[in-house]
Amino acid sequence: MSRQLNMDTLRQNFWKEEYLREKMLRCEWHRKYGSMVKAKQKAKAAARLPLKLPTLHPKAPLLSPPAPKAVPTKAPSPAPETPIQSDMYPVPPATRALLYEGISHDFQGRYRYLSTRKLDMPEMRYVFPITTSFTYGWQLGPPVKQELVSCKMCRIESFFRKNGAFLLLDPQDLAL
């Protein structure tokens, strides 16, 4: 459909006035409400920023009240250090020894250690699931190998939907 070109001076002036009027309305609106819109945008941007949590410092061990001192028999021994809490179980010594045998370039050393460690189930390596994605594979057990069905019709029946978009099979689809 082509555009009609019956523009005379009267219509040109009309469209010119309309354009200027809309431009003035936009400028007036921006002058009146622009600062409120900017404030809302800044508030939304501030709400999207991640929260910064305060850092927790380790607590000093609580000291028991001093016992009445009798005669000290020997010098006080240094306080035993608390063991470092780890998310992982300790590595068996045989697996750790793989680190020091050979180099990774020859598929020994670190390469062999990591590939051996990877074969262990997550429950054997970690005390508890570290991330939420760990829960999907936690306590699954060994993988079960499924045999491939070699029957052609079984593959076709299992591939296509029983109802829905492909309810009726096309003859060309059956000519696999």
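Bear in mind the structure is a predicted one, so any value in this text is a computation, not a measurement.
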Seminar exercise, completed: Residues passing the side chain to side chain donor-acceptor pair (under 3.5 Å) test with Q41, sequence neighbours excluded, are none
Seminar exercise, completed: Taken in chain and number order and not counting sequence neighbours, the residues that satisfy side chain to side chain donor-acceptor pair (under 3.5 Å) with T132 are none
Exercise. How many angstroms lie between atom OH of Y113 and atom OG of S104, to the nearest 0.5 angstrom?
Worked result: 12.5 Å
Exercise. Say you draw a straight line from CD of Q12 to CG of D8; how long is it, rounded to the nearest 0.5 Å?
Worked result: 7.5 Å
For this session: Assess whether atom CZ of R110 is packed by more than 12 heavy atoms of other residues, nucleotides or ligands within 6.0 Å.
Result: no
For this session: Taking side-chain contact (heavy atoms from CB on, under 4.5 Å) as the test, write out the residues that go with T9, two or more places apart.
Result: N13
Exercise. Among all residues two or more places apart in sequence or in another chain, which pass the side-chain contact (heavy atoms from CB on, under 4.5 Å) test with D106?
Worked result: I103
Seminar exercise, completed: Sorted by chain and residue number, the ring-ring contact (aromatic ring centres under 6.0 Å, His included) partners of Y111 (sequence neighbours excluded) come out as F107
For this session: Any pair with a residue in residues 24-38 that passes salt bridge (Lys or Arg N to Asp or Glu O under 4.0 Å), sequence neighbours left out, goes on the list, sorted by first then second residue, please.
Result: E22-R26, E28-R31
Problem set entry | Smallest separation among heavy atoms of T116 and R112, with atom names | OG1-O, 2.7 Å
Exercise. What ring pair (Phe, Tyr, Trp, His ring centres under 6.0 Å) pairs are there with at least one residue in residues 5-31, not counting sequence neighbours?
Worked result: W29-Y33
Problem set entry | Residues clustering with L119 (ILVMFWY side chains joined when closer than 4.5 Å, directly or via others) | none
What donor-acceptor contacts under 3.5 angstrom involve side-chain atoms of residues 87-102, with partners at least two apart or in another chain?
none

Exercise. Looking at residues at least two apart in the chain, or sitting in another chain, which of them share a salt bridge (Lys or Arg N to Asp or Glu O under 4.0 Å) with R21?
Worked result: E18
